[in-house]
2 protein chains.
Amino acid sequence: MNNEVISQGVKRQFKDDLFEQFARIGKALSSGRRLELLELLAQRERSVEELASEAALSVANCSQHLQILRAAQLVAVRRDGLFSRYRLADEQVLRLWLSFRQLGEARLAEVSRVVETYLKDRRALEAITNDQLIARLRTNDVVVLDVRPEEEFRAGHIAAARSIPITMLEQRLKEIPQRSTIVAYCRGPYCVFADDAVGLLRKHGYQAYRLQNGFPEWKMQGLPTATGAQS
Amino acid sequence: MNNEVISQGVKRQFKDDLFEQFARIGKALSSGRRLELLELLAQRERSVEELASEAALSVANCSQHLQILRAAQLVAVRRDGLFSRYRLADEQVLRLWLSFRQLGEARLAEVSRVVETYLKDRRALEAITNDQLIARLRTNDVVVLDVRPEEEFRAGHIAAARSIPITMLEQRLKEIPQRSTIVAYCRGPYCVFADDAVGLLRKHGYQAYRLQNGFPEWKMQGLPTATGAQS
DNA sequence: TCATTATTCAATCAACTACTTGAATATATG
DNA sequence: CATATATTCAAGTAGTTGATTGAATAATGA
């Protein structure tokens with residue numbers, strides 16, 4: 001009897017300890033700022049300063065958030081001269097973040113509300129899915145356009161894609177054949193680079209579409225990717 | 001120029017709002033208590049009182065945690081007479097929780113440390129994987145034993161299994177043929193019911209093994225399941 | 001209707017979190 | 001070796017969150 005009581009206590013302690021450990025991951029994921037950092041790191045490795053400026057945080061604050069992500073083993077860091085370069089710890093982290101995001105999209109009405117509020121024009125632009133793009137690539141004449149900053153293209157891109165960062169697109173329009181269908185993609189469903197690209201292309205008479213997802217989702221689905229600069 | 005500044009501000013607001021929404025899920029997952037509740041709900045629907053007593057919480061405290069999980073749309077509730085019965089909101093939640101747990105196991109050294117501290121004997125008991133069990137079921141004479149409480153068996157179990165709750169196992173030993181190999185399973189890798197069952201069975205001369213994972217993992221993997229009482 | 005029971009709400013206090021600031025550390029360069 | 005730059009650390013403050021109570025609210029069944 002006494003034995004049982006003790007054993008009960010031990011089991012409770014075990015469960016408390018165990019779930020408290022798992023909760024560390026939850027705590028790391030419980031801040032919008034940190035999720036934004038993960039989303040940025042899903043594109044490529046970045047220094048603290050780059051992250052701070054992209055996420056509109058002070059460097060010290062950003063560094064602190066990164067320490068929290070690191071304590072939960074969600075990101076890893078390497079030293080490169082003067083810089084600390086952060087990246088997602090591994091593919092499992094990307095998978096967790098994507099399924100986390102997917103759950104939010106599917107179940108939190110507020111997410112769709114926020115997206116609709118800010119991205120009103122999104123509906124008008126027909127988006128095509130990864131599978132549809134694969135199908136088109138086999139049969140049609142399609143140009144796949146990566147409009148992210150060039151470093152992100154270099155860190156990894158859809159195998160068939162060519163890079164024209166959104167900031168350069170207007171100047172470099174003549175590189176794109178008028179005859180082809182254009183499919184533009186960027187960082188993911190909450191990035192507006194591809195929206196802007198499609199808008200610009202259509203204004204200039206192209207037949208352009210947005211890819212529904214971005215590069216991380218494509219990669220996670222196991223579809224063909226490549227790294228390095230444009231050949 | 002003014003335009004651009006405004007647009008920058010709007011984009012920032014959008015990202016802040018969006019990621020803050022996703023962070024609601026992280027917040028819900030940031031307490032060990034709540035994760036334990038999810039783990040329990042992964043087995044079956046439960047009333048507030050059942051959950052409170054299994055997780056060693058006061059009913060009021062438990063209810064509060066459930067409200068938080070519900071606000072993040074991770075659990076759903078239905079009214080059944082005097083009781084509010086809670087369940088996981090859908091399969092995606094189970095998937096998120098399992099990939100969350102998997103990440104913790106793989107990356108947080110403390111998780112393995114806690115498991116090793118409390119479940120020292122675990123190593124001695126060879127565990128067999130889902131795939132190994134499938135293979136054995138085809139060729140060998142195996143009894144698959146569900147040692148969870150009977151209500152959990154009724155709510156869903158491995159198709160080939162028979163139910164003997166761990167609390168009844170000693171009395172009902174004679175129901176199990178001595179010749180067969182026994183594979184016992186329970187709620188999951190952190191549940192000790194199957195460990196206890198294997199210990200007891202071996203003491204009585206059976207050849208018994210623990211299934212590495214529990215029922216939720218089996219189901220998530222798309223392997224054959226059944227519901228309802230024993231036929 | 002009233003008594004019973006399960007659940008939720010509200011208020012408290014303690015504990016924690018985010019962000020800021022300024023100093024400290026680490027690395028590279030002249 | 002001194003200087004510049006990138007990052008981290010430490011301390012302080014304001015604001016928020018969590019656990020715990022006891023009271024209030026539903027829903028049922030007599």
Side-chain angles (χ1 to χ4, degrees), chain A residues 12-13 15-17 19-38 40-41 45-87 151, chain B residues 12-13 15-17 19-38 40-41 45-72 74-87:
Chain A
R12 177 93 320 266
Q13 189 65 40
K15 285 189 184 165
D16 284 355
D17 287 359
F19 287 108
E20 210 44 62
Q21 287 306 321
F22 286 123
R24 285 170 56 199
I25 299 176
K27 290 206 178 92
L29 298 175
S30 71
S31 143
R33 300 300 165 93
R34 289 197 283 274
L35 295 181
E36 187 170 357
L37 293 176
L38 286 182
L40 287 167
L41 291 172
E45 189 181 68
R46 279 180 160 85
S47 72
V48 178
E49 207 193 8
E50 284 177 290
L51 287 166
S53 106
E54 287 248 29
L57 299 171
S58 77
V59 170
N61 189 8
C62 181
S63 170
Q64 214 160 277
H65 281 302
L66 288 167
Q67 298 313 309
I68 293 169
L69 289 170
R70 194 153 71 111
Q73 302 270 42
L74 296 176
V75 307
V77 65
R78 76 185 171 89
R79 193 83 199 192
D80 173 19
L82 282 175
F83 302 88
S84 292
R85 305 218 184 260
Y86 283 85
R87 63 180 184 280
E151 303 82 42
Chain B
R12 178 93 319 265
Q13 189 65 42
K15 285 188 185 168
D16 285 356
D17 288 359
F19 288 109
E20 210 44 62
Q21 287 306 321
F22 286 123
R24 285 171 56 199
I25 298 175
K27 291 205 178 93
L29 298 175
S30 71
S31 142
R33 301 298 165 91
R34 288 197 283 273
L35 295 182
E36 187 170 354
L37 293 176
L38 286 183
L40 287 167
L41 291 172
E45 190 181 69
R46 280 179 159 85
S47 73
V48 178
E49 208 195 9
E50 284 177 290
L51 287 165
S53 104
E54 288 247 30
L57 299 170
S58 76
V59 170
N61 190 5
C62 181
S63 170
Q64 209 162 280
H65 282 302
L66 288 167
Q67 296 314 307
I68 293 170
L69 289 170
R70 195 153 72 112
L74 297 176
V75 306
V77 63
R78 75 184 172 88
R79 193 83 197 189
D80 172 19
L82 281 177
F83 301 89
S84 292
R85 304 217 184 259
Y86 284 85
R87 61 180 187 281

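Given the structure is predicted, the values throughout are model-derived calculations rather than measurements.
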Engineer: Verify side-chain contact (heavy atoms from CB on, under 4.5 Å) between B:Asp16 and A:Glu36, making sure each step is shown before the conclusion.
Structural biologist: CA-CA 8 Å; B:Asp16 285 356; A:Glu36 187 170 357; 4.3 Å; yes
Engineer: Minimum heavy-atom separation for B:Val48 to B:Leu66, with atom names?
Structural biologist: CG2-CD1, 3.9 Å
Engineer: With DNA chain C as reference, determine whether A:Gly81 or A:Ser58 sits nearer its 5' end, using the nearest nucleotide of each.
Structural biologist: A:Ser58
Engineer: Let me spell it out: for each of B:Ala60 and A:Leu57, pick the nucleotide of DNA chain C with the closest heavy atom. Which residue's pick is nearer the 5' end?
Structural biologist: B:Ala60
Engineer: Can you name the atoms? Protein N/O to nucleotides 24-26 of chain D N/O, anything below 3.5 Å, with the distance.
Structural biologist:
none

Engineer: Walk me through it: do A:Asp17 and A:Gln21 pass the test side-chain hydrogen bond (donor to acceptor under 3.5 Å, both in side chains)?
Structural biologist: CA-CA 6 Å; A:Asp17 287 359; A:Gln21 287 306 321; over 6 Å; no
Engineer: Under a 4.0 Å threshold between the charged nitrogen and the carboxylate oxygen, would B:Glu54 count as salt-bridged to A:Lys15?
Structural biologist: no
Engineer: Answer yes or no: is there a donor N or O on one side and an acceptor on the other, between the side chain of A:Arg85 and the main chain of A:Glu45, under 3.5 Å?
Structural biologist: no
Engineer: Under a criterion of less than 4.0 angstrom to any heavy atom of chain B, what are the 5'-terminal and 3'-terminal contacting nucleotides of DNA chain C?
Structural biologist: C:dT5 to C:dA10
Engineer: Using the rule given for side-chain contact (heavy atoms from CB on, under 4.5 Å), can you reason through A:Ser53 versus A:Glu49, listing the C-alpha separation, both sets of side-chain angles and the distance that settles it, and then say yes or no?
Structural biologist: CA-CA 6 Å; A:Ser53 106; A:Glu49 207 193 8; 5.9 Å; no
Engineer: Before giving the answer on side-chain contact (heavy atoms from CB on, under 4.5 Å), spell out for A:Arg33 and A:Leu37 the whole-Å C-alpha distance, their side-chain angles and the decisive distance to 0.1 Å.
Structural biologist: CA-CA 6 Å; A:Arg33 300 300 165 93; A:Leu37 293 176; 5.7 Å; no
Engineer: Protein-nucleotides 14-19 of chain D N/O pairs closer than 3.5 Å?
Structural biologist:
| from | atom 1 | to | atom 2 | distance (Å) |
| --- | --- | --- | --- | --- |
| D:dA19 | OP2 | B:His65 | NE2 | 3.0 |

Engineer: Work out which heavy atom in A:Gly26 is nearest to a heavy atom in B:Ser30; give both atom names and the distance.
Structural biologist: C-CB, 3.7 Å
Engineer: Within this structure, what is the CG-to-P distance between A:Leu66 and D:dT7, rounded to whole angstrom?
Structural biologist: 10 Å
Engineer: Can you tell me how far C1' of D:dA6 sits from CD of A:Glu49, to the nearest Å?
Structural biologist: 7 Å
Engineer: Using atom CD of A:Gln67 as one end and atom P of D:dT7 as the other, report the distance to the nearest whole Å.
Structural biologist: 12 Å
Engineer: Between B:Arg24 and B:Lys27, does a side-chain contact (heavy atoms from CB on, under 4.5 Å) hold up when you go through it step by step?
Structural biologist: CA-CA 5 Å; B:Arg24 285 171 56 199; B:Lys27 291 205 178 93; 5.6 Å; no
Engineer: Determine whether a donor-acceptor pair (N or O, by modelled atom type, separation under 3.5 Å) exists between the side chain of B:Arg46 and the backbone of B:Leu51.
Structural biologist: no
Engineer: Are the side chain of A:Arg34 and the backbone N or O of A:Leu69 linked by a donor-acceptor pair below 3.5 Å?
Structural biologist: no
Engineer: Heavy atoms only, 4.0 Å cut-off, all strands: where does B:Ser84 land among base, sugar-phosphate and nothing?
Structural biologist: sugar-phosphate
